[in-house]
Amino acid sequence: MGKALVVVALRQVDPFATVDPLTGTVYAQPRGGLSTADECALEHALRMAESLDARCLACTVGPQEADEVLRTALAAGATEALRVAGEPASEGHTARLLTEAIRARYADPALLLCGDYSMDRGTGATPALLAARFGASQALGLVELTSHNGGLRAERRLDCGRRERLAIELPAVCSVEPSTVRLRRASLPGLLAAREAEIPVASPAESFVDTRIRRRARTAYRPRTRAIAAPAGAAPGQRVRALTGALTEHEPPRLVFPANAAAAASELLDYLEQRGYLP
Amino acid sequence: MTSPMSSPVRVAEGERGVASFDAVIVGAGPAGSAAAIELARAGRRVALLERGSFPGAKNVYGGVVYGRVLDELIPNWWTEAPIQRWVTRRQTMLLTPGQALTVDFRTENWGKPPYNGATTHRADFDAWLAGKAEEAGAKLLTSTLVTALRTDPGGRIVGVRTDRPDGDLDAGVVIAADGVNSFLAKQAGLYAEDQLANSTLGVKETLALPRETIEERFGVRGTDGVDIEMIGATKGIPGGGFLYTNLDSLSIGVVVDLTELGKAKVRPEELIAELKRHPSIAPLVRGGEIVEYAAHLIPEGGYHSMPTLTGNGLLIAGDAAAMCLAAGIWLEGVNFAIGSGMYAGRAAAAALAAGDTSTRGLAGYRERLASSFVLADHHKLRGAPGLLMSERVQRKYPAMLCDLVEGVFQVTNPQPKPGFRKLLLRSAKRHGVRLRDLARDAISGIRSYG
Ligand SMILES: Cc1cc2nc3c(=O)[nH]c(=O)nc-3n(C[C@H](O)[C@H](O)[C@H](O)COP(=O)(O)OP(=O)(O)OC[C@H]3O[C@@H](n4cnc5c(N)ncnc54)[C@H](O)[C@@H]3O)c2cc1C
C-alpha cells in the first residue's frame with residue numbers, strides 16, 4: 001500500500017487589500033500570498049505528514065497566478081502540488097472542485113487541512129463542505145493539532161478562555177486558526193527547486209452552477225427604507241420614548257430548544273421572515 | 001531571522017554551496033535588477049537575491065524617476081512602466097518661515113514620449129524592473145537575506161551565505177546592490193571608516209488626496225504631475241524638502257544632514273509637520289490622509305565619498321557605491337543606480353567571458369562608469385554637495401533672496417523705489433552675508449553646475 005496522503009488546501013489572497021468604505025469595492029494587489037491561517041495550515045500539514053509518514057499535497061483553486069502559493073508550499077516541504085483551474089462561485093463550488101480533482105489523481109486523503117477562513121470575506125464553510133464530500137470527520141477552528149495513536153488530538157478555543165480538547169479519527173478535515181505555529185523557513189535548495197517545479201493543473205470538466213444559490217450583483221449592504229409614522233405625543237420626551245421604545249414593556253426573549261439542525265434552521269427562517277428580512 | 005555577520009565566511013578547499021551561479025546579485029532594487037537584466041541577457045546564470053517579500057517591498061525614496069537611462073535596457077519602457085504621473089512642471093522653492101520664492105517651470109514636452117521624469121511607487125517600479133530581469137532568465141529569490149560574503153582561503157569572494165537553511169550559494173562574481181550602508185561592501189573592506197558621515201536621512205509621508213483635488217491644486221490634468229524641491233524648509237538643519245504628485249496621493253518629505261539632525265535634537269517627523277504647516281505648502285496638502293511614513297539613509301556625499309568599486313570577485317553598484325546624485329535641484333538616485341547596475345552587469349559579463357573575475361578582471365566596471373553619465377555627472381558636480389550643505393546656502397541665502405524679492409515688490413510710497421543694488425546690500429547685510437562670500441559661492445556654483 002502506498003503512503004497516506006495529507007492535503008493542505010490553500011488560497012491566494014492579498015493580505016494588504018484595501019476596501020473602499022463607501023462602495024465596498026476591494027482593491028487587491030496582484031502580489032497575493034497566503035493568509036496567516038493558511039500558513040499555519042501548511043505548517044500543520046507538513047508536521048502531520050512527517051509524523052504520519054505521509055505525502056503532503058498542496059492544492060488550490062485559482063488562476064495561474066495562484067501557482068505562487070503552491071510554490072511557497074513546495075519550497076517549505078510539500079511533496080507535491082496541484083492547481084485546479086477555475087474561479088469558484090461559492091464555498092460549495094470550491095469544495096466540489098477540490099474533491100473531484102483530488103479524487104481523480106489520488107486516493108482520499110487521510111487528513112485535509114485548511115485555514116479557518118479566508119481573509120477575503122470567507123465564511124469558513126469550505127472545510128466543512130470538504131468533510132461532507134469526503135465523508136471524513138471534521139474539526140474546525142483548531143489552535144493545536146497533534147497525531148496520537150493513529151488518530152489526532154486537537155484543541156480549540158471556547159468562550160471565557162476555556163479550551164475544548166478533541167479526539168479526531170482519521171480520515172479527517174481540520175481547519176486551524178492563525179495561531180500557535182509558524183510556517184517554517186524554506187531552505188535555499190527547496191526554494192530553488194520550487195521555482196522550477198512544474199505545477200500540475202486540473203481543469204474541471206464542466207462549469208458548475210449551483211441552482212440552489214441565487215446570486216445578485218455584489219453591492220454594498222444598504223438596509224431597506226422603512227416608513228415609520230411620526231411619533232405620537234405632545235411632549236418631546238413622549239415622542240422620543242415612542243420613537244425609541246424606551247421604558248415600554250417588551251415581550252421577553254423567547255428561549256427555543258430546537259430538536260435538530262433542521263428545526264433550528266426553520267426557527268431562524270421564521271424569525272427573519274416575521275421581521276421582514278426575507279422576501 | 002539571522003542577522004548579518006561582521007566578517008566574511010571562509011570556505012575550505014572543495015567546500016561547495018547548494019547551487020552555483022555565474023553571478024549572484026544582492027538586492028533587487030534598481031541597481032540589482034539592471035545588473036541582472038544585463039547578465040541574464042548575456043546568457044549568464046544569475047541569482048537575484050532580495051530580502052523583501054517582493055522587490056520594492058522595503059524600498060523608500062521621494063518619488064521621481066528619470067527613465068532616460070532605461071532606453072538602453074527596455075526600449076519604449078514608458079509604454080509599460082508602472083508610472084503614476086509624468087512630471088511636466090518643476091518648481092524650486094526657497095523658503096523662510098513666512099516667505100517663499102518659487103521658480104516654476106512647465107513644459108508640454110515632458111508629457112509625451114519619450115518623456116523626462118515620472119512619479120512612480122517603488123513597490124510597483126522595482127517589482128516591474130525585477131520582473132524584466134526574470135523575463136531575461138534571472139532567478140529572483142525573495143524573502144532571502146544575504147548575511148555574509150563567502151571567500152576562499154586566498155580571500156577571493158566565491159559566493160554568499162543567506163539566512164535560509166542550507167543557504168550558501170557559489171558565484172563567479174557577486175554584485176553588491178544592497179543599497180546605502182552596504183554591509184557587503186563593508187565586509188569586503190571597501191568602505192572608508194567614515195563612510196556614513198556623508199549620508200543624509202530622508203523621511204517622507206505619503207498623503208492620500210482625491211485625484212481631482214490634486215489636479216486642481218497643482219494645476220495639472222490627466223497623468224501630468226509636479227515636482228517641487230525646496231531649500232530652507234528644514235529649520236536650519238542642512239538639507240532640503242520635496243513634494244511630488246502621484247495619481248491620488250502626494251509624497252512630501254525632507255532630506256537632512258544626519259549629524260546636524262542629531263545635534264538639533266529635532267525629530268524628523270516634526271520637520272515634515274512643520275513643512276506641511278508652511279503657508280505656501282499648507283494649502284497644497286490640506287486634508288491629505290497619511291497613508292505611509294518612511295525613513296531611509298541617502299548617500300549624498302557624491303564623487304568624493306565613493307568607495308572602492310571593485311573587489312576580488314565583487315562589484316558594488318547603486319547606493320551601495322554612493323552613486324546617488326544629490327545636487328540641490330537634482331535628486332537622482334534611481335537612474336544612477338540603474339546606470340551603475342547596468343555597467344556592473346556588463347563588466348561582470350565581460351569578465352566572466354574572459355574567465356577573470358579578479359579585481360583586475362573587473363576593472364572594466366570603473367572604465368565603463370567613467371565614460372558614461374554616471375561618473376561624468378558625479379565628477380562634474382563633485383563640489384555641489386559641499387556647496388549645497390554649506391551654512392550660507394542653507395541658512396542665509398534663502399532668507400536673503402526672499403527679502404530681496406520682497407523689497408523689489410514692496411511699494412514704499414511716499415519713499416522712492418530703493419533700487420536693486422541697495423536692496424541687495426541691505427538684505428545681504430541683514431542676513432550677515434558678505435558680498436565676497438556671495439561672489440565666491442557664485443563662482444563655485446558656476447564651476448559645479450556650469
Ligand atoms: C527619502 C528619499 C527620497 C529620495 N528621492 C529620490 C527621487 O525622488 N528620485 C531618485 O531618483 N532617487 C531618490 N532617492 C534615492 C534612491 O532611492 C536611491 O538612490 C535608489 O533607491 C538606489 O537604488 P539601489 O538599487 O542602489 O538601492 P535600493 O533601492 O536601496 O535597493 C537595495 C535593495 O537591496 C535589498 N537588500 C539590502 N540588503 C540586503 C541583503 N543583505 N540581502 C538581500 N537583499 C538586500 C533591499 O531590500 C533593497 O531592495 C531618494 C532616497 C530617499 C531615502
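Naming convention: chains lettered A, B, ... in sequence-line order (proteins, then strands); numbering from 1 in each chain.
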Between A:Arg182 and A:Glu43, does at least one N-O distance fall below 4.0 Å, as a salt bridge requires? no
Find out whether B:Ile252 and B:Lys204 are in side-chain contact, i.e. whether some heavy atom of one side chain is under 4.5 Å from a heavy atom of the other. no
Between A:Lys3 and A:Glu80 (salt bridge meaning N to carboxylate O under 4.0 Å), is one present in this structure? no
Is the backbone of A:Leu10 close enough, under 3.5 Å, to the side chain of A:Thr60 for a donor and an acceptor to pair up by distance? yes
Please look at A:Ala75 and chain B and tell me whether the side chain, the backbone, both or neither of the residue comes under 4.5 angstrom of a heavy atom of that chain. neither
Counting distance only, does the side-chain N/O of B:Thr223 pair as donor-acceptor with the main-chain N or O of B:Trp86 below 3.5 Å? no
Where on B:Thr144 is there a heavy atom nearer than 4.5 Å to chain A: the side chain, the backbone, both, or neither? both
Could you list which of residues 36-44 of chain B have a heavy atom closer than 4.5 Å to any heavy atom of chain A, in residue-number order? none
Salt bridge or not between B:Glu50 and B:Lys58? Use side-chain N to carboxylate O under 4.0 Å. no
Donor-acceptor pair, distance only, cut-off 3.5 Å: does the side chain of B:Arg211 make one with the backbone of B:Asp248? no
Taking NZ, NE, NH1 and NH2 as the nitrogens, is one of them in B:Glu135 or B:Lys132 under 4.0 Å from a carboxylate oxygen of the other? yes
Is the backbone of A:Ala194 close enough, under 3.5 Å, to the side chain of A:Arg71 for a donor and an acceptor to pair up by distance? yes
Would a 4.5 Å heavy-atom cut-off, applied to side chains only, mark A:Leu34 and A:Leu42 as touching? yes
So which residues of residues 16-32 of chain B are in contact with chain A at a heavy-atom cut-off of under 4.5 Å? B:Val18, B:Ala19, B:Phe21
